[in-house]
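In the text below, chain A, chain B and the rest are named by the order of the sequence lines, each starting its count at 1.
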There are 2 protein chains.
Amino acid sequence: MKKTNYTKSKKSFSPETIRRLSLYLRNLRGLKQRGVKIVSSEEITRFLNISSPQFRKDLSYFGEFGKRGVGYEVDKLAQEIEKILGINKEWKIALVGVGGLGSALLKFPGFSKFNEKITVVFDNDAGKINKVKSGIKIQDINEIQQTLSKKNIKIVMICVSPENAQEIADKAIKANARAILNFAPVSLKVPKNVYVANVDMSCELETLIYFLNKSGI
Amino acid sequence: MKKTNYTKSKKSFSPETIRRLSLYLRNLRGLKQRGVKIVSSEEITRFLNISSPQFRKDLSYFGEFGKRGVGYEVDKLAQEIEKILGINKEWKIALVGVGGLGSALLKFPGFSKFNEKITVVFDNDAGKINKVKSGIKIQDINEIQQTLSKKNIKIVMICVSPENAQEIADKAIKANARAILNFAPVSLKVPKNVYVANVDMSCELETLIYFLNKSGI
DNA sequence: TATAGTTTGTGAAAATTGGAACAAACATGA
DNA sequence: TCATGTTTGTTCCAATTTTCACAAACTATA
Ligand SMILES: NC(=O)c1ccc[n+]([C@@H]2O[C@H](COP(=O)([O-])OP(=O)(O)OC[C@H]3O[C@@H](n4cnc5c(N)ncnc54)[C@H](O)[C@@H]3O)[C@@H](O)[C@H]2O)c1
Ligand SMILES: NC(=O)c1ccc[n+]([C@@H]2O[C@H](COP(=O)([O-])OP(=O)(O)OC[C@H]3O[C@@H](n4cnc5c(N)ncnc54)[C@H](O)[C@@H]3O)[C@@H](O)[C@H]2O)c1
């Protein structure tokens, strides 16, 4: 009994499952580039710090993608995971705040390489507005409402100073944004139908220091 | 109830507890700056998407820091959490790869503001070596071994291209590094006594897209 | 075709994690 | 001092998440 309908999975899964799918996908892309055609659950998880049953179970929530006694077709599984994650179609992204971090993100090919593209950027610094950076013209933050609406952009990366992050989130949501990738070290307050992911480097660092310190220098 | 039972060790806590402590601390610092002296578990968690019993339980693993019927002294609790995390002492950090992201991290005051300081940086680009960036002279990556040993640096941030990340990790570990904050989108292979935290923006973004896509645009 | 050897998919058990409830501790005010 | 109200610290319970074990499905070879 083949399952092809991703929207109807039998049991509910952890959000961690989704995060792991993203890791599997990255791994699969690497394998594909190296010419590997078939991979087993054992092989693909070997260097990921994830158990092979975990891998199989994660996939099982969405269907059957392997062949027993053989393994998984690298290319096919990559495509299936892309479909599950929804990154088989193109997603346009707006970036707000073209400072040190924003500029780095603009140059980063990891997003644009695939179907995630930063297509508009905003700032409130008169010295930056209308300048072109990494091939994209920086727009006035005051244009965010009409631009997001017109281009139907749902994803916003926030790279402004912490004090202004909430204000930008509010503006973005008013412009119908539904997903925020927040780099500012603040907890954003958003309605329930808006998804927020925080990239919190200080938090990661401090967690690391805790374990380092506990281990005795 | 005071901690009088030494035979039975306290229950072990989730690593998530440590991550949350870092968030509490950030919040406490903000409150302190705004002149708040006392805070309750209810107030401190209100905008954090964390329940107040969770907060109290997280703290309970490490001691009793509040006063019943009153709450927590902001400044005192901040100091206690700093002590728990081990960030009450200074930690020197090395950064490898002064590209777009590395340069942004160098400028970022969030680390240096407190006791986490990037004190040395490395690159392998002849055009960058010996140049000064954000007040720090960029060193040749070949000097990593002797410099880390000499300065007794245990924490390394990896901001090089994905293909070179493992090589840098190996070098850092050989130079007695014990903690790695990895920004390259690869899974690093390290010995058990080395701690790795990954800052994985693509992964965050793809997870976000999954939920956005599932919700119907 | 039969048999041995792999590897997947999955239900059930185990472990972990979060949440609710409540007694203990403290403050306040009569 | 006593009663009332507040907030913490902790225990117990529910829910989630991972791990384990194994039948099912497939390959290869004789
Ligand atoms: N740089 C890092 O490595 C790093 C690391 C972790 C977190 N962060 C966080 O990321 C955010 C950006 O960091 P950064 O180093 O790029 O800061 P930055 O000061 O270099 O850049 C901030 C940019 O945002 C713009 N901006 C500020 N307010 C705005 C507003 N209301 N509307 C539009 N644009 C606005 C500024 O003009 C500037 O260009 C900060 O919140 C910072 O704490 C940065
Ligand atoms: N820029 C971003 O926004 C962003 C976002 C997510 C992840 N990342 C990841 O972070 C890493 C750095 O990104 P970036 O945009 O700064 O790249 P970059 O190419 O701008 O910078 C890389 C730097 O590392 C140096 N380097 C390369 N190999 C080295 C080696 N063997 N020894 C010493 N130095 C070496 C290069 O000389 C360069 O200065 C990459 O792995 C990238 O995938 C970047």
Side-chain angles (χ1 to χ4, degrees), chain A residues 1-6 8-21 23-24 27-28 31 36-46 48-74 76-78 80-81 84 207, chain B residues 1-5 8-21 23-24 27-28 31 36-46 48-74 76-78 80-81 84 207 211:
Chain A
M1 48 171 180
K2 204 96 179 176
K3 266 230 164 89
T4 47
N5 191 343
Y6 305 121
K8 277 181 199 165
S9 46
K10 38 193 130 170
K11 271 191 183 171
S12 72
F13 47 86
S14 158
E16 283 300 302
T17 289
I18 301 301
R19 181 179 309 276
R20 285 191 295 264
L21 285 182
L23 292 180
Y24 304 148
N27 214 324
L28 288 165
L31 290 169
V36 178
K37 298 286 183 215
I38 301 280
V39 72
S40 72
S41 61
E42 201 61 50
E43 288 163 349
I44 200 174
T45 55
R46 186 162 298 153
L48 278 182
N49 241 17
I50 299 171
S51 72
S52 62
Q54 180 71 274
F55 171 82
R56 298 197 297 273
K57 175 141 258 194
D58 283 339
L59 288 181
S60 78
Y61 293 118
F62 303 95
E64 301 188 3
F65 306 108
K67 200 184 267 188
R68 300 180 186 202
V70 182
Y72 302 83
E73 278 183 47
V74 170
K76 183 178 149 232
L77 183 58
E80 293 285 2
I81 294 182
I84 294 168
T207 304
Chain B
M1 181 98 52
K2 283 275 190 271
K3 302 180 284 182
T4 49
N5 193 341
K8 224 198 278 178
S9 61
K10 278 211 168 184
K11 255 194 181 176
S12 71
F13 48 85
S14 157
E16 283 302 301
T17 290
I18 301 301
R19 182 179 309 275
R20 285 191 295 266
L21 286 181
L23 292 180
Y24 305 146
N27 214 325
L28 288 165
L31 290 169
V36 179
K37 298 285 183 216
I38 301 280
V39 72
S40 72
S41 61
E42 201 61 51
E43 290 163 348
I44 200 174
T45 54
R46 185 163 297 153
L48 278 183
N49 240 16
I50 299 171
S51 72
S52 62
Q54 180 71 272
F55 171 82
R56 298 197 295 276
K57 194 173 195 180
D58 283 339
L59 288 181
S60 79
Y61 293 118
F62 303 95
E64 300 188 4
F65 307 107
K67 200 184 267 187
R68 302 182 185 201
V70 183
Y72 302 83
E73 277 183 48
V74 170
K76 183 179 148 232
L77 183 57
E80 293 285 2
I81 294 182
I84 293 167
T207 304
F211 288 105

Participant: Within less than 4.0 Å of OP1 or OP2 of C/dT7, is there a side-chain N or O belonging to A/S41?
Facilitator: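 Negative; the distance criterion is not met.
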
Participant: Answer with base, sugar-phosphate or nothing: what part of the nucleic acid does A/T17 contact at a heavy-atom distance below 4.0 Å?
Facilitator: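 Nothing: the residue A/T17, judged by heavy atoms under 4.0 Å, touches no strand.
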
Participant: Under 4.0 Å between a side-chain N/O of B/Y72 and OP1 or OP2 of D/dG9, yes or no?
Facilitator: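 Checking D/dG9 against B/Y72, a side-chain N or O does come within under 4.0 Å of OP1 or OP2.
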
Participant: Side chain of B/R68 only, heavy atoms from C-beta on: which candidate in D/dC26, D/dT7, C/dA27 is closest?
Facilitator: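 Selected nucleotide (nearest to the side chain): D/dT7.
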
Participant: NA contact type, A/S52, heavy-atom cut-off 4.0 Å: base, sugar-phosphate, or nothing?
Facilitator: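 Here A/S52 touches no strand at all.
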
Participant: Check the distance between C/dT6's C1' and A/I44's CD1 and give it to me in whole angstrom.
Facilitator: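 Going from A/I44 (CD1) to C/dT6 (C1'), I get 18 Å.
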
Participant: Does a side-chain N or O of B/S51 approach OP1 or OP2 of C/dG19 to a distance below 4.0 Å, or not?
Facilitator: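 So the side-chain polar atoms of B/S51 do come within 4.0 Å of the phosphate oxygens OP1 or OP2 of C/dG19, strictly under.
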
Participant: Rounding to an integer number of Å, can you tell me how far A/F13 CZ sits from C/dT10 P?
Facilitator: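 It is 15 Å, rounded to the nearest whole Å.
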
Participant: Between D/dT8, D/dT18, C/dG18, which nucleotide gets closest to the side-chain atoms of A/R20?
Facilitator: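 Out of D/dT8, D/dT18, C/dG18, the nucleotide with an atom closest to A/R20's side chain is D/dT18.
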
Participant: Side chain of B/K57 only, heavy atoms from C-beta on: which candidate in D/dT11, C/dT8, C/dG11 is closest?
Facilitator: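 Side chain of B/K57 sits closest to D/dT11.
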
Participant: Let me know the distance between CG of A/D58 and C1' of D/dT18, rounded to the nearest Å.
Facilitator: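 Rounded to whole Å, this separation is 10 Å.
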
Participant: Quick check: do B/T45 and B/Q54 have side-chain heavy atoms less than 4.5 Å from each other?
Facilitator: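 A side-chain contact under 4.5 Å is absent here.
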
Participant: From C-beta outward on B/K67, which listed nucleotide comes closest to its side chain: D/dT18, C/dT8, C/dA27?
Facilitator: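 Closest nucleotide among those given: C/dA27.
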
Participant: First locate atom CZ of A/R20, then atom CD1 of A/I18, and finally report the distance between them rounded to the nearest 0.5 Å.
Facilitator: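 That separation rounds to 9.5 Å.
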
Participant: Considering only side-chain heavy atoms of B/E16, which listed nucleotide, C/dT8, D/dG9, C/dG18, is closest?
Facilitator: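 The closest nucleotide is C/dG18.
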
Participant: Please state how far atom CZ in A/F62 lies from atom C1' in C/dT8, giving the value in whole angstrom units.
Facilitator: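 Atom-to-atom, A/F62 to C/dT8, this comes out as 17 Å.
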
Participant: Over how many whole Å does the gap from B/E73 atom CD to D/dT7 atom P extend?
Facilitator: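 Nearest whole value for this atom pair: 16 Å.
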
Participant: What distance separates A/E64 CD from A/R56 CZ, expressed to the nearest 0.5 Å?
Facilitator: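 The distance works out to 13.0 Å.
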
Participant: If each of A/P53 and A/V70 is mapped to the nucleotide of DNA chain D with the nearest heavy atom, which maps nearer the 5' terminus, i.e. the 5' end?
Facilitator: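 Its nearest nucleotide being more 5', the pick is A/P53.
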
Participant: In whole Å, what is the span from the CG atom of A/L59 to the P atom of C/dT10?
Facilitator: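 In whole Å, C/dT10 P and A/L59 CG are 11 Å from each other.
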
Participant: Between A/E43 and A/R46, is there a side-chain N and carboxylate O pair less than 4.0 Å apart?
Facilitator: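 Salt bridge between A/E43 and A/R46, a charged N being under 4.0 Å from a carboxylate O: no.
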
Participant: Please give, in whole Å, the distance from C/dA25 C1' to B/E64 CD?
Facilitator: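 Interatomic distance, CD of B/E64 to C1' of C/dA25: 10 Å.
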
Participant: Between A/Q54 and D/dT19, is there a contact of a side-chain N or O with OP1 or OP2 at under 4.0 Å?
Facilitator: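 For D/dT19, OP1/OP2 do have a side-chain N/O of A/Q54 under 4.0 Å.
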
Participant: Quick one: which of C/dA24, C/dT8, C/dG18 gets closest to the side chain of A/R56?
Facilitator: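 That would be C/dT8.
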
Participant: Is there a ring-ring contact (aromatic ring centres under 6.0 Å, His included) between A/Y72 and A/F55? Walk through the geometry before answering.
Facilitator: CA-CA 12 Å; A/Y72 302 83; A/F55 171 82; 5.3 Å; yes

Participant: Mind calculating the distance between OH (B/Y61) and P (C/dT16) to the nearest angstrom?
Facilitator: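 Taking OH of B/Y61 and P of C/dT16, I get 12 Å after rounding.
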
Participant: Can you confirm whether B/K76 is buried at NZ, in the sense that more than 12 heavy atoms of other residues, nucleotides or ligands lie under 6.0 Å from that atom?
Facilitator: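 Enclosed: over 12 neighbouring heavy atoms sit under 6.0 Å from NZ of B/K76.
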
